[in-house]
Novice: 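Please find one structure pasted underneath; my questions will follow.
Lettering follows sequence order; numbering is per chain, from 1. Just so it is clear, the structure is predicted and the values come from calculations on it, not from any experiment.
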Number of protein chains: 2
Amino acid sequence: MTIRSERLTSAVPPGSAAPVSTCAVAVDVALLTVLDGRLKLLLVEPDAPQLAGHWALPGRRVRDDESLDDTAHRALAELAGVRAPDAHLEQLRTYGDPSRDPRGRVVSVAYLALTPTTHDPTDPLTAQLWDVEQLGTQDGPRLAYDHDRIVPDALERARSKLEYTSLAAAFVADVFTLGELRRVYEAVWGVSLDPANFRRKVVSARGFVTEAEGLASPGPGGGRPAKRYRRGPATRLHPAMLRP
Amino acid sequence: MTIRSERLTSAVPPGSAAPVSTCAVAVDVALLTVLDGRLKLLLVEPDAPQLAGHWALPGRRVRDDESLDDTAHRALAELAGVRAPDAHLEQLRTYGDPSRDPRGRVVSVAYLALTPTTHDPTDPLTAQLWDVEQLGTQDGPRLAYDHDRIVPDALERARSKLEYTSLAAAFVADVFTLGELRRVYEAVWGVSLDPANFRRKVVSARGFVTEAEGLASPGPGGGRPAKRYRRGPATRLHPAMLRP
DNA sequence: TTAATAGTGTCTTTTAGACAATATATA
DNA sequence: TATATATTGTCTAAAAGACACTATTAA
């Protein structure tokens, strides 16, 4: 680092005249969920003719007097019919390359959204949950804009935060079993985990889960009924749930 | 999550007409360094009269055809005389509350910058390195805008990433001793660490450091000469350096 | 009954942390 | 010499991981 006391340009307060642009600001949302034990990403088909055959993250431009979080929720609702006010929503990063959109300077604030599994499929004509293992393959969607750069960042963020935070609980319902929670880890990381060691780690991570009353019914294939749990107060996990 | 196939609003391609605003986009940089064993934050005095007595993160509005990273470097150079092309620079998050700047909608992309310690002080008239322990106290600076929300996020990001990544090496020179590296951890976390256990953890974290040739000279108080090291290839640490 | 899932026990290896002991410099 | 810093050694506790075993359901 070189810190020099050379002639310093004076600060330009925001809003005053300066050789700067006013960019369009958009929000794009990467919504992940676990369905049938597989990690899924929500994509929509933009109806711009030049993007026929491409899929995109649901995105909207930011309105006056609308917070970025509000824009994210609105993009999900308007473009995919997804109303998830309780979903986990966090900023991923902002993509602002001058050339990322050929039609002009658009700075996009990307969000990561995580929701519990539901059996509700999206309308396959306008929005679809894609298996993340298909992304980047021939069977997978072609992504519009620079969304092929955003999606890997979203996946890595989710995979990483499952290690050090209690974020996995955002993928399951209010009350859940440790088997359900384990299948979240397995789907997001793409691995299989030892149920015995997984249980011990979850229970020993202080504040990750608290026991709820009652037992869950086994699935159609049978099995011992599982204890039920709720999220605990912790957000960071000690000790962490490290990827194998 | 509720996914409904209700009437969907059609996608508005970026750049087309829509009830949206074109926000001013700015970049603010939280530059951290370690000086005399203490964590420091770079702040500048905005010369807007209504902000007299306040300090701010160096920030600039984004220019046409300028990437966000370029704006961050320009803000450091123009407002603080800091030219640090090799500094670690990463996005922190984007602050876009409609009311965060009273003079209009300004979306600010905040960056975290980390640089090695140098003995060069900034020009105390325009830019200054503040001890982070002073922030929020009576002796500390009053922060402008919403920078009192950005700074804690920057500190927590740095503290957290020291655990799981090799980012601490961004605070030291190309060749360094494990004592220097330990003092980075101690300064950023505000703790003191056992030198013996610290050494073992750093060396056993695969790819964190590699041994360099020669020994460093002891300081004025004496002491055994330390082995010299360089950064290794790893970015994520296994095992991690967990905060005590 | 068998198959499937949940949960416990046990053992080994790895890692964390406290702290004693040794090595090599400066003053 | 005393003091400061670096490095190694040793011991204990905690955590990770492999895997055998028990528990309770569905078909």
Side-chain angles (χ1 to χ4, degrees), chain A residues 36-37 162-164 172 175-187 189 191-230 234 236-244, chain B residues 36-37 162-164 172 175-187 189 191-230 234 236-244:
Chain A
D36 300 328
L162 252 57
E163 297 192 274
Y164 305 113
V172 294
V175 177
F176 53 89
T177 70
L178 297 193
E180 290 164 356
L181 191 65
R182 177 169 49 82
R183 281 182 281 277
V184 166
Y185 276 91
E186 291 176 331
W189 287 346
V191 300
S192 79
L193 300 173
D194 182 286
N197 293 334
F198 178 83
R199 149 175 290 275
R200 249 187 305 264
K201 287 172 76 164
V202 168
V203 170
S204 70
R206 274 80 72 182
F208 190 4
V209 298
T210 62
E211 216 164 322
E213 66 297 331
L215 295 176
S217 309
R224 174 172 166 177
K227 291 182 188 169
R228 286 143 61 99
Y229 293 85
R230 293 177 202 274
R236 296 184 62 82
L237 300 184
H238 298 282
M241 306 280 300
L242 298 177
R243 269 178 275 195
Chain B
D36 300 328
L162 252 56
E163 297 192 275
Y164 306 113
V172 294
V175 177
F176 53 89
T177 70
L178 296 194
E180 290 164 355
L181 191 64
R182 178 169 49 81
R183 281 181 282 277
V184 167
Y185 276 91
E186 291 176 331
W189 287 345
V191 299
S192 80
L193 300 173
D194 182 283
N197 294 334
F198 179 84
R199 150 175 289 275
R200 248 187 305 263
K201 286 172 77 165
V202 169
V203 169
S204 71
R206 274 80 72 181
F208 190 2
V209 298
T210 62
E211 217 164 321
E213 66 297 333
L215 296 176
S217 309
R224 172 171 166 176
K227 291 181 188 169
R228 287 144 60 101
Y229 293 85
R230 295 177 201 276
R236 296 184 63 81
L237 299 184
H238 298 284
M241 307 280 300
L242 299 177
R243 271 179 272 195

Novice: Measuring from atom CG of A/L215 to atom NZ of A/K227, what distance do you get when rounded to the nearest 0.5 angstrom?
Specialist: 8.5 Å
Novice: Taking for each residue the nucleotide of DNA chain C with the nearest heavy atom, is it A/T177 or B/R206 whose nucleotide lies nearer the 5' end?
Specialist: A/T177
Novice: Between C/dT14 atom P and B/L237 atom CG, what is the distance in whole Å?
Specialist: 19 Å
Novice: What is the separation between atom CG on A/L193 and atom P on C/dT5, rounded to the nearest whole Å?
Specialist: 15 Å
Novice: Report which part of the nucleic acid A/R182 touches: base, sugar-phosphate, or nothing (heavy-atom distance under 4.0 Å, all strands).
Specialist: sugar-phosphate
Novice: Which is more 5' along DNA chain C, the nucleotide nearest B/G221 or the one nearest A/G179? Just name the residue.
Specialist: A/G179
Novice: Please classify the nucleic acid contact of B/R243 as base, sugar-phosphate, or nothing, using heavy-atom distances under 4.0 Å.
Specialist: nothing
Novice: Taking OP1 and OP2 of C/dA3, is either one under 4.0 Å from a side-chain nitrogen or oxygen of A/R224?
Specialist: no
Novice: Rounded to the nearest Å, what distance is computed from the CD atom of residue A/E163 to the C1' atom of nucleotide D/dA16?
Specialist: 14 Å
Novice: Where is the tightest heavy-atom contact between B/K201 and B/A240, given as atom of each residue plus distance?
Specialist: CE-O, 4.3 Å
Novice: Mapping A/G219 and A/M241 to their closest nucleotides on DNA chain D, which lands nearer the 5' end?
Specialist: A/M241
Novice: In whole angstrom, what separates A/E180's CD from C/dG7's P?
Specialist: 11 Å
Novice: If you round to the nearest 0.5 Å, how far is CZ of B/R206 from CZ of B/R236?
Specialist: 13.5 Å
Novice: Five pairs per end, C1' atoms only: what is the angle between the end axes of the helix from C/dT1-D/dA27 to C/dA27-D/dT1, to 10 degrees?
Specialist: 10°
Novice: Can you tell me how far the OG1 atom of B/T210 sits from the CZ atom of B/R228, to the nearest 0.5 Å?
Specialist: 12.5 Å
Novice: Closer than 3.5 angstrom, by distance alone: can the side chain of A/E186 be matched with the main-chain N or O of A/L193 as a donor-acceptor pair?
Specialist: yes
Novice: Give, for atom CG of B/L162 and atom OH of B/Y185, the distance between the pair rounded to the nearest 0.5 Å.
Specialist: 4.5 Å
Novice: Any non-hydrogen side-chain atom of B/Y229 less than 4.5 Å from a side-chain atom of B/V172?
Specialist: no
Novice: So how far is it from B/Y164 OH to A/L242 CG, rounded to the nearest 0.5 Å?
Specialist: 8.0 Å
Novice: Are B/K227 and D/dT8 close enough that a side-chain N or O sits under 4.0 Å from OP1 or OP2?
Specialist: yes
Novice: Identify the heavy atoms of A/A216 and A/P225 that sit nearest to each other, and give their distance.
Specialist: O-CB, 3.2 Å
Novice: Which of residues 194-205 of chain A have a heavy atom under 4.0 Å from DNA chain D?
Specialist: A/D194, A/A196, A/N197, A/R200, A/K201
Novice: May I ask you to say what B/A216 touches in the nucleic acid, namely base, sugar-phosphate or nothing, with a heavy-atom cut-off under 4.0 Å?
Specialist: nothing
